[in-house]
Amino acid sequence: MTPQPVYRMMTSLTLRARTLAVAVTMTTALAAGSTLAHAQLETVEPVGEVSLVLGNAYIEHADGRRSAAVPGSIIVASDRIHTAANGHVHIRFVDQALVSVRPDSRLEIVRYDYNPDQPASSSIKLNLEEGVTRSISGHGATAARERFRLNTPIAAIGVRGTDFVVNASSVAVRAQVNEGTIVMAPFSADCTADAFGPCLANAVELTGTSMQMLELDGSTTAPQIMPATVEREPGMMREEVSQAIAASEANADDKTAGTEVYLENVTSQRVKQEVANVAKPTTPPVTPPVTPPTVADTNFTPAVAIATEQLKQNNLIWGRYGSGKGDLERITAPFELAQEGRDWMVGLGEYRLFRDSNGRDRVDAGLGPVSFELSSAQAYYNSGTGIVAMAVTGGKFDIDFNTRQFSTELNMKHSLTGSVDFVANGLISETGIFHNRTGPEPATMAGAVSLDGKEASYFFEQQLQTGGIHGLTLWNKR
């Protein structure tokens with residue numbers, strides 16, 4: 001028997017044991033004449049269990065009680081999961097569905113009716129009141145797609161057996177699909193919050209192969225398809241990341257049964273500290289002050305900012321809002337200049353990547369495997385107390401357009417981090433957009449290629465055990 005089924009069986013047995021323990025406790029209270037216990041006994045039935053907690057989070061119960069969210073906490077229908085700015089909660093449900101509740105979020109488990117003997121009769125409803133959540137469908141949503149619903153303040157989302165991420169507020173909602181298909185529709189007389197399944201009125205479908213996102217706000221009557229934007233996760237502090245690393249090493253095979261996609265497991269980062277190999281001195285050494293490397297010390301970061309007119313000669317160009325990193329900006333142009341005559345491809349924070357598509361939207365056919373060489377880059381280390389430039393010492397980037405797969409590695413160093421390697425791989429769409437989808441959660445990247453396959457570019461960010469790194473790259477075909 002493989003470790004994964006054993007884990008699932010143990011999880012199921014754990015839930016059953018705890019259900020029995022709750023029933024015994026409540027029955028004892030009933031014998032003492034507790035009316036409240038009687039009411040709870042009729043409704044308490046575990047539907048899931050917290051499998052990972054980072055930072056601060058708590059569970060709000062139907063009776064108003066609050067309890068800290070910890071690994072092993074039982075989830076029942078009507079519970080609300082709250083996460084703080086540094087909080088992050090993973091939940092495994094009884095049908096093997098996986099849900100990640102990210103920082104500054106509130107998720108209500110409205111209903112979770114699942115019968116393993118009749119999964120097609122399942123009814124599942126979640127309500128993302130605010131924040132970001134990722135959901136990987138279990139047996140219930142897969143078998144009863146017309147009975148699954150994720151509500152947000154302004155829109156309803158149905159699924160077709162899916163792994164998707166939703167970011168919701170009171171005025172806007174965005175959704176991106178990693179695998180499968182979702183259907184988003186605004187609430188209306190034909191699409192009410194108390195219904196189940198996907199709505200049809202003003203609905204728009206989005207599939208994982210599109211590498212785009214759906215966005216709905218008060219200015220539109222239906223969701224709009226937009227370029228992909230990778231959601232950032234602030235607040236992943238040192239203590240939380242250390243916990244995540246330990247958890248991921250213990251549960252590396254914890255996957256969903258339907259899709260075999262990892263649930264954002266956090267794996268250890270390849271951070272290598274440089275140490276001096278010297279003989280023990282006979283006299284106390286004199287330690288020189290540590291001077292962080294300047295931009296001029298890097299191999300692939302220009303000593304001075306590349307002029308906008310020179311950047312615009314490329315097919316791909318990065319635009320920035322405002323001043324960006326100020327004097328540390330080297331390969332970006334002001335947003336309003338970068339977007340002239342170009343299409344927005346991907347974005348993160350203050351940056352947007354634009355491409356001159358010349359009226360087309362598909363990568364040229366017959367490109368085959370292509371290797372790229374690093375042209376220029378800008379990378380930074382943020383320790384939480386300030387941002388400094390890192391030395392970008394090398395990298396590699398390969399795309400096989402036949403199989404639509406890519407892999408990349410970027411090599412950096414800084415006196416505060418030692419050598420750091422950013423590594424990612426994933427799929428590239430027909431439109432030339434790519435991003436890593438199933439890699440470690442503290443690491444993310446997204447980018448695009450020119451339609452002729454001669455240029456490529458991506459942004460990246462990665463959480464280290466202390467602070468984090470991020471940056472931009474430009475590549476040319478070898």
Side-chain angles (χ1 to χ4, degrees), residues 55 85-86 103-104 229-242 266 269-274 289-306 308 311 317-335 338 346-353 374-395 408-424 436 440-447 457-474:
N86 68 339
D104 280 327
T229 300
V230 173
E231 301 295 346
R232 306 183 70 169
E233 296 213 13
M236 295 287 285
M237 306 303 289
R238 179 177 181 178
E239 293 78 10
E240 287 74 59
V241 174
S242 297
V266 183
Q269 306 301 313
R270 300 200 302 165
V271 181
K272 298 171 292 186
Q273 299 293 337
E274 294 181 339
V290 176
T291 303
T294 64
V295 173
D297 295 327
T298 66
N299 292 334
F300 288 94
T301 300
V304 296
I306 301 177
T308 298
L311 290 171
I317 181 173
W318 283 100
R320 67 177 186 273
Y321 288 106
S323 60
K325 299 296 187 298
D327 292 339
L328 297 180
E329 291 292 342
R330 291 295 185 267
I331 62 173
T332 65
F335 179 86
V346 297
L348 177 70
E350 67 265 44
Y351 298 112
R352 296 289 185 270
L353 178 62
L374 187 60
S375 171
S376 56
Q378 59 183 52
Y380 310 101
Y381 171 63
N382 184 356
S383 65
T385 60
I387 297 178
V388 294
M390 297 188 72
V392 181
T393 59
T408 186
E409 178 177 329
L410 194 67
N411 314 120
M412 296 155 283
K413 68 178 181 179
H414 191 280
S415 60
L416 299 177
T417 64
S419 297
V420 181
D421 298 330
F422 175 84
V423 179
N436 65 329
E441 188 165 320
T444 188
M445 58 87 74
S457 184
Y458 64 78
F459 66 74
F460 67 92
E461 62 178 1
Q462 177 170 300
Q463 185 73 40
L464 306 181
Q465 292 193 39
T466 303
I469 60 173
H470 61 280
L472 308 172
T473 64
L474 294 172

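Of the residues listed (Ser457, Ser375, Ser376), the one engaging Ile331 in a side chain to side chain contact (heavy atoms under 4.5 Å, CB included) is Ser376, and it is the only one. Tested against Tyr380, the residues Met390, His414, Met412, Lys325 include a single side chain to side chain contact (heavy atoms under 4.5 Å, CB included) partner, Lys325.
Listed for the Asn382 side chain is no donor-acceptor partner under 3.5 Å among the backbone atoms of Gly468. The backbone N or O of Ala377 lies less than 3.5 Å from no partner atom in the side chain of Arg330, so there is not a single donor-acceptor pair. Judged purely by atom type and a 3.5 angstrom limit, Thr444 has no side-chain atom pairing as donor or acceptor with the backbone of Glu461.
One finds the CD1 atom of Ile317 at 5.0 Å from the CG atom of Leu311 (value rounded to the nearest 0.5 Å). Here the CD1-CG distance, from Ile469 to Leu410, works out to 8.0 Å after rounding to the nearest 0.5 Å. From Met445, atom CE reaches atom CZ of Phe459 across 8.5 Å, with rounding to the nearest 0.5 Å. With rounding to the nearest 0.5 angstrom, the CG atom of Asn411 is 9.0 Å from the CZ atom of Phe300.
Scanning all heavy atoms of the two residues, the minimum distance from Ala424 to Asn436 falls at CB-CB, 4.2 Å.
When side chains are defined from C-beta on, Val392 counts as touching Leu374, because their heavy atoms get closer than 4.5 Å. By the 4.5 Å heavy-atom criterion applied to side chains, Gln378 and Leu328 are not counted as neighbours. Counting only heavy atoms from C-beta outward, the side chains of Trp318 and Glu329 never approach each other to under 4.5 Å.
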- Item | Leu353/Leu472 under side chain to side chain contact (heavy atoms under 4.5 Å, CB included): CA gap, chis, key distance, verdict | CA-CA 10 Å; Leu353 178 62; Leu472 308 172; over 6 Å; no

- Item | side chain to side chain contact (heavy atoms under 4.5 Å, CB included) between Tyr321 and Arg352, worked out | CA-CA 8 Å; Tyr321 288 106; Arg352 296 289 185 270; 4.1 Å; yes

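In this model, no donor atom of one side chain and acceptor atom of the other lie less than 3.5 Å apart for Thr332 and Tyr351.
Between Phe422 and Phe460, the ring centre distance stays below 6.0 Å.
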